[in-house]
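Everything on this sheet refers to the single structure shown next.
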Amino acid sequence: MGACTHLYTVVTYSIYMDIPETHPRRASLLTRNKLVDGVERGITSKAGLIAHGRGEAFDYLLGERTGPVAERAERAAVKAMLEADNPVISVNGNVAALVPREIVKLGERFKAKLEVNLFHRTDQRIGRIIEWLELHGGKDILGGEPDARIPGLEHARGLCTDEGIFHADVVLVPLEDGDRAQALSSMGKTVITVDLNPLSRTARTADITIVDNIVRAVPNMLELEPLEDVFDNRENLSEVVRYISGRLEGISRKIKDI
Ligand code: PTJ
C-alpha cells in the first residue's frame with residue numbers, strides 16, 4: 001500500500017469511528033468530523049468550523065434536503081459551466097475537507113480548472129489543500145503560485161492566477177465571502193455560488209446561487225442535466241425564502257397542535 005493510500009485509509013477510519021450507525025444525526029455528525037479532520041491536517045481554517053455551523057442552521061430550516069428550487073439552480077449552474085470558455089472552480093478549506101473527490105470529478109465533467117483560493121490565506125494551507133486534492137485524483141491544481149490579483153480586494157485573499165480565476169469567464173465559488181463574489185462580478189465574470197444562507201451578500205451578488213449543502217450540491221451537479229429555460233436568480237432566491245417561511249409556518253402549527 002502506498003503512503004498516500006495509507007493516509008487516506010487512516011482519515012476515512014477516523015471520520016467514521018465513534019458514531020453509531022443508528023444515530024439519528026449520523027450524516028450531519030460525519031460531515032462535522034470531516035471538517036474537524038480538515039482542521040487537524042491544516043486544510044480547513046478554524047473559522048471554517050464556525051462558517052459550517054451557520055450553514056447547518058440554514059440547512060435545518062431547509063429540511064436538510066435538496067428541494068426543487070435548489071435543483072433548478074444546480075441545473076442552471078451545470079448549463080453555465082458546460083457552456084463556458086474558461087470555467088474555473090475555486091476551492092477553499094471547507095470545500096476541500098467536505099467534497100475533495102467530488103469536486104475533482106466536477107472539474108472533469110465541466111473541463112474546468114481547479115484553483116485553491118483562500119479567505120484566510122497561508123502558503124502552507126494552499127500547499128496542503130493542493131496535496132489533498134491530488135490525493136483525491138486532482139491534477140494541475142492552480143493557486144500555489146499566484147501571479148495576478150482580483151482588482152478591489154485588499155490583502156492576500158485577492159491573489160489568484162492569471163490562467164485560472166483571473167481569466168475565467170465563469171467561476172464557481174462555493175462558500176464564498178460577499179466581497180470576493182462582488183469583486184469577481186465587477187470583473188464581468190458569471191459568478192456561481194453554493195451558499196446555504198439565502199440572505200448572504202454572496203447569495204444576492206452571484207448570478208446563480210445554489211442554496212443547498214455543498215455535500216449534496218456537488219454530487220447533484222455531477223448527475224444533473226443543464227437547465228433548458230431562463231434562470232432568474234432573484235426570483236429563485238425569493239422562492240427559497242418563501243419555502244423556508246412556509247415550512248416554519250407549518251411546523252409552528254404542528255407544535256401548537258401537540
Ligand atoms: O478556507 P478559507 O480560508 O477560504 O475560508 C473559508 C470560509 C468558509 C471560512 C470563509 O470563506 C468564510 O468565512 O465564509 P463566510 O463569510 O462565513 O461564508 C460562508 C457561507 O457558506 C455562509 O453563508 C454559510 O451559511 C455557508 N455555508 C457553510 N457551510 C456550508 C455553507 N453552504 C453550503 N454548504 C455548506 N456545507
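Counting starts at 1 for both ligands and their atoms, in listed order.
Heavy atoms of E56 stay at 4.0 angstrom or farther from ligand 1.
At the top of the distance list for atom 6 (C) of ligand 1, counting protein heavy atoms only, stands N92 ND2, 3.6 Å. Ranking protein heavy atoms by distance to atom 36 (N) of ligand 1, first place goes to N213 OD1, 2.9 Å. Taking atom 5 (O) of ligand 1 as the reference point, the nearest protein heavy-atom neighbour is H120 CD2, 3.7 Å. Ranking protein heavy atoms by distance to atom 18 (O) of ligand 1, first place goes to E176 O, 3.6 Å. When only non-hydrogen protein atoms are considered, atom 34 (N) of ligand 1 lies nearest to I214 N, 2.9 Å. In terms of protein heavy-atom proximity, atom 23 (O) of ligand 1 is nearest to D195 OD1, 2.8 Å. Among protein heavy atoms, atom 31 (C) of ligand 1 sits closest to L175 CG, 3.6 Å. From the protein, the heavy atom lying nearest to atom 4 (O) of ligand 1 is F119 N, 2.7 Å.
Between L196, V211, D177, it is L196 that holds the heavy atom closest to atom 32 (N) of ligand 1.
Atoms of ligand 1 lying under 4.0 Å from any heavy atom of A51, numbered from 1 in the order shown and given with element: 8 (C), 17 (O), 24 (C), 28 (C), 29 (N). Counting the atoms of ligand 1 from 1 in the order shown, those under 4.0 Å from a heavy atom of H52 are 28 (C), 29 (N), 36 (N). The D212 neighbourhood of ligand 1 comprises atoms 33 (C), 34 (N), with distances under 4.0 Å to a heavy atom of that residue. Per-residue contacts place L118 under 4.0 angstrom from the following atoms of ligand 1 (heavy atoms of the residue considered): 1 (O), 3 (O), 4 (O). Within the listing of ligand 1, atoms 1 (O), 2 (P), 3 (O) sit less than 4.0 angstrom from a heavy atom of R125. Applying the 4.0 Å criterion to heavy atoms of G93 picks out, from ligand 1, the atoms 1 (O). Listed by number with element, the atoms of ligand 1 under 4.0 Å from a non-hydrogen atom of G48 are 9 (C).
Counting heavy atoms from C-beta outward, L98 and L35 have side chains that approach closer than 4.5 Å.
There is no protein heavy atom less than 4.0 angstrom from atom 12 (C) of ligand 1.
No side-chain N or O of R75 forms a donor-acceptor pair with one of N220 less than 3.5 Å apart.
Here E102 contributes atom CD and H136 contributes atom NE2; the two are 8.5 Å apart, rounded to the nearest 0.5 Å.
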